[in-house]
Amino acid sequence: MDLAIETMGLSKSYGPVHAVENVNLRVRRGEIYGFLGLNGAGKTTTIRALLGMIRPTAGSVRVLGQPVGPHGRGPWRDVGHLVESPTAYPELTVRENLEIARRLYGIADRKATTQVVERLGIAPYVDRKAGTLSTGNFQRLGLARALLHEPELLILDEPANGLDPAGVVEIRELLENLAREKGVTVFMSSHILTEVNRLATRIGIIHKGRLIEELDAEKLDELRSQRLEIKVHDQAAAQAALGQAGYDVKASNGSLFLSGDRAISAPDEMATLLVHAGAPPIRLVVVQEELEAHFLRLTGENE
Amino acid sequence: MNIFLSALWAETLKARRSKVLWLTIGASLILPLIGGLFMIILKNPEQARNMGLISVKSQLVGGTADWPNYFDMLLQSIAMAGSILFAFIMAWVFGREFSDHTAKELLALPTPRVAIISAKFVLTAVWMSGLALMIFVIGLGVGAAVDIPGWSLELAWSSFGALMSVALLIFMLMPFVALFASAGRGYLPALGWALFSFVIAQILSLLGWGDWIPWSVPVMRSGMFGPSSIEQLGMHSYILTLVAFTLGVIATLSWWRSADQAK
């Protein structure tokens with residue numbers, strides 16, 4: 001399998017604290033990999049290890065087929081990154097900051113800077129000092145730096161941070177296009193689950209330093225549990241009738257929830273049963289768990 | 001070479017756009033101007049008293065108003081104030097990457113870290129030589145304007161050589177400031193080290209051990225502790241300074257080669 005990122009038993013400890021423990025990541029080329037986790041779950045530590053910015057306590061990292069570190073060794077010409085919050089030299093303009101990056105990435109084409117500022121929508125601010133940019137535009141500058149050298153792999157830590165809703169959509173479309181049209185692999189950490197849900201083709205969930213689940217986005221749809229939600233005026237009568245018929249019923253927030261294939265596949269039978277019991281339904285709908293609920297359930301189970 | 005030149009271009013741009021460059025130029029200008037003021041006072045102490053430049057009660061010591069004395073004054077002031085100024089430049093060039101949180105951007109690049117750090121050393125060498133040269137040239141202008149006696153081209157050349165050698169000796173002690181700025185992740189540890197080494201070196205010089213301490217060598221070479229201190233310096237003093245320089249450079253490069261963003 002052609003992997004863009006591969007970690008084997010990756011662990012990093014800071015004294016007695018195990019920030020990351022035995023993480024085995026496998027990111028295929030061309031994937032958009034959403035890396036989910038709560039604050040302090042180990043997302044940024046993992047990203048730093050992928051970029052050779054920290055020495056793992058144990059395990060190894062391969063990026064684009066090359067081993068990473070020590071001494072800054074890695075395929076960095078083909079990797080764009082944004083780790084934690086973006087940074088820039090505040091007294092230098094947007095253009096000057098990107099020119100420094102262009103030269104340090106060894107890009108001969110002088111137009112690269114102009115092209116990337118246009119792509120990221122910061123052309124109007126190109127001669128403005130980085131220190132005077134708004135949070136959103138500073139984030140765009142960080143993303144521009146990551147995209148400047150047209151990398152094969154993008155490693156982005158919370159790319160939507162600080163962006164307004166329009167900016168979030170714009171960056172999502174940009175990343176989607178890069179993956180679709182240019183085959184760029186995107187590895188992005190996020191705590192904005194809806195963003196990951198919309199964008200990622202594969203999802204990894206890290207919790208307390210351990211990778212607790214790794215799955216394709218399509219598989220997630222299957223895994224997310226489905227329930228039948230019923231609202232009635234006479235909840236007690238409905239609950240009794242459904243119980244007698246052998247259904248597993250749970251009441252929550254004024255609704256009744258039924259799980260299991262039998263209930264989900266035949267809501268019409270359910271309606272008939274409730275009408276006969278004198279508690280006709282006023283709402284009857286199959287609800288699917290959101291990624292957020294799946295994530296919270298999973299991290300809750302691993303407490 | 002292209003990689004190194006790119007790194008040097010980047011470092012030069014950062015320096016050119018910073019206020020620190022202009023601050024250090026301004027601070028350097030003060031040295032010959034103060035020297036010139038002393039010459040005016042020494043030349044006409046009564047007139048200086050009448051103008052209020054010095055207190056009526058003050059007893060001026062420090063010799064006569066002439067070019068040899070003026071050059072000595074410049075040399076000693078660069079040995080003292082220059083040490084602090086150069087340390088400030090070094091602490092800024094290396095420490096700013098941590099205060100601006102840009103150090104992490106230097107770690108995962110196709111340009112090797114060693115090239116970037118070497119570029120920083122070359123930039124500081126050029127910066128410090130430029131300041132030393134500027135102090136001398138402005139000093140010549142100030143001296144000429146004050147119109148002091150005792151000028152000779154020979155004296156000017158030898159003074160220029162002495163000033164540039166003191167500047168070089170100070171620069172050779174600076175890699176340790178870079179190391180403290182890097183390993184200490186900011187300006188403060190670097191400036192703390194600069195101050196500590198400066199004070200300890202002066203004490204050891206006064207105790208007569210200065211020729212064995214690289215951090216004492218520039219001040220002794222400037223003649224601040226009298227002509228005997230220059231004679232006290234031997235080949236061992238310069239070799240030890242070279243060793244301190246080499247160790248400082250190697251230690252700084254090694255630190256950056258294995259730099260970690262763990263903290």
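Each chain gets a letter, A, B and so on, in the order the sequences are listed, and its residues count up from 1.
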K.L.:
Among A:A101, A:P90, A:G74, single out the residue with the greatest number of heavy-atom pairs under 4.5 Å to chain B.
P.N.:
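The residue among A:A101, A:P90, A:G74 with the greatest pair count is A:P90.
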K.L.:
Any donor-acceptor pair under 3.5 Å linking the side chain of A:E96 with the backbone of A:T93?
P.N.:
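Such a contact is found between A:E96 side chain and A:T93 backbone.
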K.L.:
Pick whichever of A:L104, A:L51, A:I100 has the most heavy-atom pairs under 4.5 Å with chain B.
P.N.:
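Top option by heavy-atom pairs under 4.5 Å: A:L104.
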K.L.:
With no hydrogens and no angle check, is any side-chain donor or acceptor of B:K120 less than 3.5 Å from a backbone partner on B:V93?
P.N.:
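Confirmed, B:K120 side chain pairs with B:V93 backbone.
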K.L.:
Count the heavy-atom pairs under 4.5 Å between each of B:K19, B:R16, B:E97 and chain A, then report the option with the highest count.
P.N.:
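Counting heavy-atom pairs under 4.5 Å, the top option is B:E97.
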K.L.:
Which bit of A:R145 comes within less than 4.5 Å of chain B, counting heavy atoms only: side chain, backbone, both or neither?
P.N.:
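Just its side chain gets close to chain B.
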K.L.:
Side-chain contact test, heavy atoms from C-beta onward, threshold under 4.5 Å: evaluate it for A:V83 versus A:M53 and give yes or no.
P.N.:
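Contact flag for A:V83/A:M53 side chains = yes.
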K.L.:
Within a strict 4.5 Å, meaning less than it, do heavy atoms of the A:L153 and A:I155 side chains meet?
P.N.:
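Yes; the side chains approach each other to less than 4.5 Å.
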K.L.:
With chain A as the partner, which of B:R113, B:K14, B:H101 has the greatest number of non-hydrogen pairs under 4.5 Å?
P.N.:
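When all of B:R113, B:K14, B:H101 are compared, B:K14 has the most.
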K.L.:
Considering only heavy atoms and a distance below 4.5 Å, find which of B:L109, B:I116, B:V114, B:D100 pairs most often with chain A.
P.N.:
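The candidate making the most pairs under 4.5 Å is B:L109.
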K.L.:
If I measure from the heavy atoms of chain B, does A:A88 come under 4.5 Å with its side chain, its backbone, both, or neither?
P.N.:
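For A:A88, the backbone is the part near chain B, not the side chain.
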K.L.:
Answer whether the closest heavy-atom distance between the side chains of A:Y105 and A:D78 falls below 4.5 Å.
P.N.:
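No. Closest side-chain heavy atoms not under 4.5 Å.
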